[in-house]
Amino acid sequence: MNISLPDSLKHFVDRQVADRGYGTSSEYVRELIRHDQDRQRLRGLLLEGASSAPGTPVDDDYFAALRKRAQGVADAARQDGHSGLVTESELLTARSA
């Protein structure tokens, strides 16, 4: 895929690549696209939540259980040689288990 940019935008992209440590302009554009995907996914989830029926009230016990599940996923990831950072899909998988 090739993208044509006016000089002003090309200079902006080149500056972002240099200032923010990207290896290429393609890396910068890929990150922008990923951020836009995340934003759209979040918007969809928010709209879905807003149109859904009320759920169970959230209290301190709920958050304690959520932290415990997240810690369990992080511990398992570290044991498997991963960074231990919990992704959204890992947490959702743990939540449904």
Side-chain angles (χ1 to χ4, degrees):
M1 173 184 292
N2 292 319
I3 299 173
S4 298
L5 300 173
D7 284 341
S8 62
L9 287 179
K10 182 183 179 325
H11 292 304
F12 176 80
V13 170
D14 290 342
R15 176 63 28 210
Q16 296 306 301
V17 170
D19 290 350
R20 296 173 65 187
Y22 295 99
T24 65
S25 57
S26 291
E27 287 179 17
Y28 175 67
V29 171
R30 280 192 295 272
E31 182 171 320
L32 291 176
I33 293 168
R34 284 187 200 103
H35 282 274
D36 193 43
Q37 286 177 321
D38 290 345
R39 184 191 57 78
Q40 288 181 26
R41 184 173 54 243
L42 176 60
R43 184 178 189 275
L45 291 170
L46 289 171
L47 289 172
E48 180 183 329
S51 64
S52 68
T56 306
V58 178
D59 58 12
D60 289 340
D61 291 338
Y62 171 85
F63 285 109
L66 184 60
R67 279 191 291 279
K68 184 176 179 180
R69 283 195 304 269
Q71 187 60 54
V73 171
D75 291 344
R78 275 199 263 346
Q79 288 176 355
D80 290 342
H82 300 298
S83 68
L85 296 176
V86 179
T87 66
E88 177 184 353
S89 62
E90 290 169 328
L91 185 55
L92 290 173
T93 302
R95 186 178 186 191
S96 63

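The figures here come from the full heavy-atom set of this structure, side chains too, leaving out hydrogens, waters and symmetry mates. Source: prediction; values computed, not measured.
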Enter the distance from Y28:OH to L32:CG here, rounded to the nearest 0.5 Å. 4.5 Å
Quick one, R39 with L42, criterion side-chain contact (heavy atoms from CB on, under 4.5 Å). Give me CA distance, side-chain angles, the key distance, then yes/no. CA-CA 5 Å; R39 184 191 57 78; L42 176 60; 5.8 Å; no
How long is the straight-line distance from CG of D14 back to OG1 of T24, given to the nearest 0.5 Å? 11.0 Å
To the nearest 0.5 Å, atom CZ of F12 lies from atom CG of L5 at 11.0 Å
At their closest point, which heavy atom of S25 faces which heavy atom of V13, and how far apart are they? CB-CG1, 3.7 Å
For the atom pair CZ (R41) and CG (L45), what is the distance rounded to the nearest 0.5 Å? 7.5 Å
Around D36, counting heavy atoms of other residues, nucleotides and ligands shown, do more than 12 lie under 6.0 Å from its CG? yes
My understanding is that only one of E27, E31, R30 makes a side chain to side chain donor-acceptor pair (under 3.5 Å) with Y22; could you say which? E31
Distance in Å, S51 OG paired with L46 CG, rounded so as to fall on 0.5 Å steps: 11.0 Å
What's the spacing between I33 CD1 and D38 CG if we round to 0.5 Å? 12.0 Å
Run the salt bridge (charged side-chain N to carboxylate O under 4.0 Å, His left out) check on D7 and K10 step by step: do they pass? CA-CA 5 Å; D7 284 341; K10 182 183 179 325; over 6 Å; no
Is there side-chain contact between V29 and S26, with at least one heavy-atom pair below 4.5 Å? no
